[in-house]
Amino acid sequence: MHGHPTRTSHEYRCRSALDGGCGRLSRQGRAVDDLIIEYALTELDRQYASVPIIVPWPGARELDLAMRRKASLQEQWYAGEIGDSAYFRLLAQEEAEIKRLVNDQRAWPVKHRPGRNESTDVRTQWTRLTTDAKHQVLRGLLDSVIILPCTKGSHRFDPTLVVPVWRKKNSSTPSA
């Protein structure tokens, strides 16, 4: 099946008979998407029920900039664009800043260790993800989605006819 836009939303249609499909099956795109997202979030809730929240260290960008400033300072000194006294004075400042940031980075996991009873709120994190990140999470969870044919002429969405095929645990781990 492939996505096809409609006037108000989109739908999933079976490919034409010439492309290897039946050309007769379609489903409401929004309903299928919502159902698959709900299945995925339920699976992620189950997987991450006891995983603690890991807060990323906020100084990574600042450390990267300090390292770049040090490298730039060294290049200027090697090229003879800066004097020895200015170089060594500025180098000492940059190295002190880098040392402070590295020590802060090492201490971060200890200071911000989550409690055992805290767990990830997958649904809140899901709403914060970009569309590309959401697609990546779904690709990590699902191999495919099978949509079974329904009763001819029925225009009701039947969620029992949408079957997710989950990836094996060892092939990929999702990141939410």
#### Entry: Close side-chain approach of Leu161 to Ile147, heavy-atom, < 4.5 Å
no

### Query
Do Thr160 and Asp158 meet the criterion of a side-chain donor-acceptor pair at a distance under 3.5 Å?
yes

### Query
Is any side-chain heavy atom of Trp166 less than 4.5 Å from a side-chain heavy atom of Asp143?
no

### Query
Is the shortest heavy-atom distance from the side chain of Val165 to the side chain of Val145 under 4.5 Å?
no

### Message
Using side-chain heavy atoms (C-beta onward) and a distance below 4.5 Å, is Thr131 in contact with His135?
### Response
yes

### Message
For Trp77 and Phe88, take the angle between the two ring planes, folded into 0 to 90°, and tell me which bin it lands in: parallel under 30, tilted 30 to 60, perpendicular over 60.
### Response
perpendicular

### Query
Hey, quick one: are Leu142 and Val163 part of the same hydrophobic cluster, counting side-chain heavy atoms closer than 4.5 Å, chains of contacts allowed?
no

### Message
Show the nearest heavy-atom pair for residues Ile98 and Lys70, with the distance to one decimal.
### Response
CD1-CD, 3.8 Å

#### Entry: salt bridge (charged side-chain N to carboxylate O under 4.0 Å, His left out) pairs, two or more places apart, involving residues 76-92
none

### Message
Whether the side chain of Arg69 engages the backbone of Asp64 through a donor-acceptor N/O pair (distance < 3.5 Å, no angle test) should be reported.
### Response
no

### Summary
Correct closest heavy-atom pair for Glu94 and Ala66 would be OE1-O, 3.6 Å

### Query
Taking only residues at least two apart or on different chains, which pairs with a member in residues 29-44 satisfy salt bridge (charged side-chain N to carboxylate O under 4.0 Å, His left out)?
Arg30-Asp34, Glu38-Arg123, Glu43-Arg46, Glu43-Lys169

### Task
Kindly compute the distance separating CD (Gln76) from CG (Leu90), expressed to the nearest 0.5 Å.
8.5 Å

### Message
If I take atom CZ from residue Arg68 and atom CG from residue Leu63, how far apart are they, to the nearest 0.5 angstrom?
### Response
11.0 Å

### Task
Please confirm whether the backbone N or O of Leu148 pairs with a side-chain atom of Arg27, one donor and one acceptor, at under 3.5 Å?
yes

### Task
Calculate, to the nearest 0.5 Å, the distance between atoms CG and CE belonging to Leu65 and Met67 respectively.
11.5 Å

### Query
With a 4.5 Å limit on heavy-atom distance, are the side chains of Ile37 and Trp126 in contact?
yes

### Task
Please determine if Glu62 and Arg100 form a salt bridge, counting it only when a charged side-chain N lies under 4.0 Å from a carboxylate O.
yes

### Query
What distance do Leu138 atom CG and Ile36 atom CD1 have between them, rounded to the nearest 0.5 Å?
8.5 Å

### Message
Is there a continuous path of hydrophobic side-chain contacts, each under 4.5 Å between heavy atoms, that joins Leu141 to Leu129?
### Response
yes

### Task
Please tell me if the side chains of Tyr87 and Gln74 come closer than 4.5 Å, counting only heavy atoms from C-beta onward.
yes

### Query
Atom CG in Leu101, atom CZ in Arg106: separation rounded to 0.5 Å?
12.0 Å

